[in-house]
Asks: 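Quick one: the structure is below, questions incoming.
Only heavy atoms go into these numbers, but all of them, side chains included; no hydrogens, no water, no symmetry mates. Numbering of ligands and ligand atoms starts at 1, following listing order.
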Amino acid sequence: MKKFIVIILSGVLFASCGSAPVAENPVDVLYEQLKSVGNNGVLYGHQDDLAYGVNWAYEEGRSDTKEAAGDYPALFGWELGGIELGHSVNLDSVPFNKMRQFVLSGYEMGAVITFSWHPYSAVDTSKSSWETDQRVVEHIIPGGTHHEAFKKQLDAVAAFFSSLKTQDGQNVPFIFRPWHEMDGGWFWWGSTLCSPEEFKTLFRFTVEYLKDEKGLDFLTAYSPDNRFSTEEEYLTWYPGDDIVDIIGMDNYGDFRVGAENVEAATKKLEIVVNYANKVDKVAAFTESGLDKVTDDQWFTRKLGPAFLQSKIAAHIAYVMLWRNADTTHFFSTYSGHSSENDFKEFVSQEKIWLLEDWNEFKKKRAWQ
Ligand code: BMA
């Protein structure tokens with residue numbers, strides 16, 4: 001009888017708490033979680049947040065976000081650049097061993113994990129992602145002269161991804177966001193150095209190799225920069241619905257002081273969200289920030305309105321700001337900075353979620 005009551009009660013509780021978690025696989029769970037967040041909140045994310053901030057590095061538990069606003073981000077971004085050369089630290093000096101720990105502890109805290117990758121060229125490994133004097137993509141895709149060398153680079157990425165396991169051996173689910181901002185001209189995979197077809201081949205090969213050959217499982221994000229004004233333009237480089245899970249956009253340009261156009265940013269996010277809805281995927285604002293946060297009200301007057309002023313744009317699952325390296329290169333606030341109060345106000349809005357809000361939401365939906 002008791003058991004019967006418990007069953008009825010849990011049924012009632014369950015019905016009042018919204019949709020049921022049905023997936024078992026951690027990557028599918030993450031996807032379902034991200035899909036359901038869009039109608040309710042927007043996760044705040046920050047690149048390298050646990051590793052360092054302005055005026056500190058590798059101090060256990062520290063976070064510029066937490067020190068400014070009282071809680072950790074709900075999403076942590078990490079960068080793989082350098083791993084393809086066998087380096088033990090990434091191109092921003094984060095040791096991969098430490099990164100693995102941060103990824104694990106971030107996941108265990110409940111946060112979402114996403115990876116970017118700015119690899120050196122497999123054609124000439126002295127050339128960073130930002131060196132654009134050589135065509136690379138055509139040489140590293142299948143049939144290209146440096147395809148085998150590129151596969152070795154992917155092997156190194158795969159080895160790191162495979163090592164992301166909890167103590168009980170469960171794989172940590174994550175989002176992989178390779179080959180971003182391809183519509184710009186600042187990376188060797190950018191629009192001036194490859195055709196859309198070559199780009200799509202590279203993107204597809206990257207994901208398929210890691211999944212099919214290396215047995216990995218992850219969500220994949222597509223994130224052009226802001227150089228589009230129609231869905232058709234947005235999809236110029238899109239490798240396909242079967243490959244992509246997160247429909248994203250990076251956008252710094254529309255927030256740059258002097259060239260500011262928050263309305264334009266909103267319209268682009270609407271294109272992103274509308275497409276994500278059409279193909280039943282997750283929409284996200286995959287990268288943004290204002291270098292050195294030179295506007296003390298940037299968060300509440302510019303960044304927030306870019307998605308909150310539109311019912312459609314507000315459907316993004318997350319917004320991730322770029323790293324806080326030092327006083328000359330930081331994209332979010334930190335304790336003591338003149339934008340700190342504005343940031344607090346920004347994240348205190350009902351719609352913007354730091355880690356506790358995110359965990360609370362998952363608990364209500366019986367995800368943890
Ligand atoms: C760029 C800058 C660089 C950094 C790179 C990869 O936007 O922040 O300093 O090395 O991203 O993280």
Side-chain angles (χ1 to χ4, degrees), residues 45-58 63-65 73 75-100 102-103 106 113-122 125-132 136 153 156-157 160-161 174-191 206 221 223-227 248-257 259 265 284-294 298 303 318-334 337 339:
H46 192 208
Q47 181 79 357
D48 283 349
D49 189 275
L50 295 173
Y52 58 81
V54 175
N55 294 326
W56 64 273
Y58 309 109
S63 148
D64 277 355
T65 307
L75 175 143
F76 294 109
W78 299 102
E79 164 63 31
L80 297 167
I83 203 147
E84 68 287 348
L85 301 184
H87 292 175
S88 59
V89 299
N90 82 353
L91 42 72
D92 300 319
S93 312
V94 181
F96 288 109
N97 281 338
K98 282 201 181 353
M99 191 186 299
R100 183 181 300 108
F102 291 134
V103 165
I113 309 296
T114 178
F115 287 100
S116 52
W117 184 33
H118 296 94
Y120 284 78
S121 158
T125 55
S126 72
K127 302 217 174 199
S128 79
S129 292
W130 291 266
E131 285 177 67
T132 53
V136 175
Q153 293 196 329
V157 171
F160 182 73
F161 281 162
F174 61 86
I175 300 163
F176 184 36
R177 187 171 61 93
W179 316 126
H180 70 142
E181 300 173 11
M182 74 303 283
D183 49 337
W186 45 88
F187 294 133
W188 53 248
W189 58 87
S191 60
T206 302
S223 61
D225 199 56
N226 69 345
R227 300 175 174 216
M249 170 182 75
D250 291 7
N251 192 350
Y252 296 85
D254 290 332
F255 297 96
R256 217 155 264 149
V257 177
F285 193 176
T286 39
E287 248 191 67
S288 188
L290 178 67
D291 195 8
K292 295 191 274 300
V293 197
T294 48
W298 185 70
L303 178 67
Y318 62 87
V319 55
M320 187 185 82
L321 301 192
W322 201 239
R323 65 200 199 103
N324 279 10
D326 54 42
T327 52
T328 68
H329 189 73
F330 60 97
F331 293 83
S332 188
T333 200
Y334 57 92
H337 187 262
S339 64

Asks: Below 3.5 Å, N or O to N or O, backbone or side chain included: is there any such pair between W130 and ligand 1?
Replies: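 No, there is no polar N/O contact under 3.5 Å.
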Asks: Would W322 count as being in polar contact with ligand 1, using the rule that some N or O on each side must be under 3.5 angstrom apart?
Replies: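 Yes, since at least one N or O of W322 sits under 3.5 Å from an N or O of ligand 1.
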Asks: With distance as the sole criterion, is a donor-acceptor pair present between the side chains of S63 and D49 under 3.5 Å?
Replies: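 Side chains of S63 and D49: pair found under 3.5 Å.
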Asks: Mark yes when over 12 heavy atoms from residues, nucleotides or ligands other than N55 sit less than 6.0 Å from its CG; otherwise mark no.
Replies: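 It does not: N55 CG has 12 such atoms or fewer within range.
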Asks: Report, in ascending order of atom number, the atoms of ligand 1 lying under 4.0 Å from any heavy atom of L91.
Replies: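 So the answer, numbered in order with elements, is 6 (C), 10 (O), 12 (O).
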Asks: Within the side chain of D92, is there an N or O that forms a donor-acceptor pair under 3.5 Å with the backbone of V94?
Replies: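 No, the answer is negative, given that no donor and acceptor are paired below the 3.5 Å cut-off.
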Asks: Over 60° means perpendicular and under 30° means parallel, so classify the ring planes of W189 and H118, tilted if in between.
Replies: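 Ring orientation, 0 to 90° scale: tilted.
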Asks: Looking only at protein heavy atoms, which one is nearest to atom 3 (C) of ligand 1, and what is the separation?
Replies: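 The answer is R323 NH2, 3.8 Å.
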Asks: Hey, is H329 one of the residues with a heavy atom under 4.0 angstrom from ligand 1?
Replies: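 It does; at least one heavy atom falls under 4.0 Å.
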Asks: Would you verify whether the NZ or CZ of K98 falls within 45 degrees of the ring axis of Y58 while also being under 6.0 Å from that six-membered ring's centre?
Replies: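 Yes - K98 lies over the ring of Y58, closer than 6.0 Å to its centre and within 45° of its axis.
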Asks: Quick test: of every protein heavy atom, which one is nearest to atom 10 (O) of ligand 1, and how far off is it to 0.1 Å?
Replies: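 That would be D92 OD1, 2.5 Å.
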